[in-house]
Amino acid sequence: MRILIAEDESIIRMGLKSMLQEMGHEVFAAADGREALQLARRFSPDLAILDIRMPYTDGLQVAKVLDRTQPMPILLLTAFSQQDLIDQATELPIQGYLVKPIQPQELSAAIAVATKRFAETQALEADKIKLQEKLAAQKQIDRAKGKLIEAGLSEEEAYRFLQQQARKNRRSMLEVAQALLK
């Protein structure tokens, strides 16, 4: 994987980079949030590991920007397990929260879980969009049927008419319904 890490403490940053490279990942390391966003735009990583407290732009802000501009699995990393930081993190689209110091096994497991959860979330979002589109199409078809019913057809006849027009003109029922509504 291509992994972006953002950590302002150089020793921790280098340790994380080394751990991730030993796991076989390509790593892009940033010393602050601003640099992390620049690296994300430049290299399009597959996952981000962000320290919460960094200069210029903190990890919480970086997570928000990445979610909006380049959705990817995000793990937050911190030396602080304060409840207010945890509360702020739970409001973000992140897939994990790690407390320093981090061990290679924990990091590997967190990455695996984060990528799986992110993929599931993306699939659910895609399904949601498809269902919304299908519902909108069905509403259009129902409105067209209503117009045909007003013209004297039964509901079954109206539906059959839309189906026949769709087949005859090699168009979808939605396209036929939209044309009828115009």
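Any value given below was found using the heavy atoms of this structure, including those in side chains, with hydrogens, waters and symmetry copies removed.
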Inset, instruction - Mind running side chain to side chain contact (heavy atoms under 4.5 Å, CB included) on Leu162 and Leu148 for me, showing each step along the way? - result: CA-CA 9 Å; Leu162 290 172; Leu148 291 169; 4.0 Å; yes

Legend entry - Thr57/Val65 under side chain to side chain contact (heavy atoms under 4.5 Å, CB included): CA gap, chis, key distance, verdict: CA-CA 10 Å; Thr57 306; Val65 172; over 6 Å; no

pair [X]-[Y]: side-chain heavy atoms closer than 4.5 Å:
| X | Y | answer |
| --- | --- | --- |
| Met23 | Ser108 | yes |
| Met72 | Leu4 | no |
| Leu98 | Leu76 | no |
| Arg171 | Gln165 | no |
| Leu66 | Ile74 | yes |
| Ile102 | Met19 | yes |
| Arg41 | Gln70 | yes |
| Ile3 | Glu26 | no |

Might you point out which heavy atoms bring [X] and [Y] nearest each other, and give the distance in Å?
| X | Y | result |
| --- | --- | --- |
| Asp46 | Pro73 | O-CD, 2.9 Å |
| Leu75 | Ala114 | CD2-CB, 3.8 Å |
| Ala29 | Glu35 | O-OE2, 3.8 Å |
| Asp58 | Ile52 | CB-O, 3.0 Å |
| Glu175 | Ser172 | OE1-N, 2.9 Å |
| Ala31 | Pro55 | O-CD, 4.3 Å |

Inset, instruction - Provide the full list of ring pair (Phe, Tyr, Trp, His ring centres under 6.0 Å) pairs with a residue in residues 114-164, sequence neighbours left out, each pair given once. - result: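 Residue pairs with at least one partner in residues 114-164: there are none.
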
Mark yes or no for whether [X], through its side chain, and [Y], through its backbone, hold a donor-acceptor pair below 3.5 Å.
| X | Y | result |
| --- | --- | --- |
| Gln95 | Thr115 | no |
| Glu91 | Gln88 | no |
| His25 | Arg2 | no |
| Glu157 | Ser154 | yes |

Inset, instruction - Inspect the contact between Lys139 and Asp142 and indicate whether a charged nitrogen and a carboxylate oxygen are less than 4.0 angstrom apart. - result: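 No salt bridge links Asp142 with Lys139.
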
Legend entry - salt_bridge(Lys147, Glu150) N-O dist < 4.0 Å: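 No, no charged N to carboxylate O under 4.0 Å.
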
Legend entry - Same apolar cluster: Leu180 and Leu174, side chain cutoff 4.5 Å: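 Result: no, two separate clusters.
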
Inset, instruction - Kindly work out whether a path of hydrophobic side-chain contacts (I/L/V/M/F/W/Y, heavy atoms less than 4.5 Å apart) joins Phe28 to Ile49. - result: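 No; tracing contacts between hydrophobic side chains, which count when under 4.5 Å, never links both residues.
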
Tell me if the [atom1] atom of [X] is crowded by more than 12 foreign heavy atoms within 6.0 Å.
| X | atom1 | result |
| --- | --- | --- |
| Phe43 | CZ | yes |
| Gln163 | CD | yes |
| Gln132 | CD | yes |

Please tabulate, for the side chains in residues 10-18, all donor-acceptor contacts under 3.5 angstrom to protein atoms that are two or more places apart in sequence or on a different chain.
from, atom 1, to, atom 2, distance (Å)
Arg13, NH1, Glu7, O, 2.6
Ser18, OG, Glu22, OE2, 3.4

Legend entry - Evaluation steps, salt bridge (charged side-chain N to carboxylate O under 4.0 Å, His left out), between Asp8 and Arg53: CA-CA 8 Å; Asp8 59 327; Arg53 294 198 177 162; over 6 Å; no

Kindly compute the distance separating [atom1] ([X]) from [atom2] ([Y]), expressed to the nearest 0.5 Å.
| X | Y | atom1 | atom2 | result |
| --- | --- | --- | --- | --- |
| Asp67 | Leu92 | CG | CG | 8.5 Å |
| Glu125 | Glu120 | CD | CD | 14.0 Å |
| Lys134 | Ile129 | NZ | CD1 | 15.5 Å |
| Leu60 | Ile94 | CG | CD1 | 8.0 Å |
| Ile5 | Leu77 | CD1 | CG | 9.0 Å |
| Gln38 | Arg42 | CD | CZ | 10.0 Å |

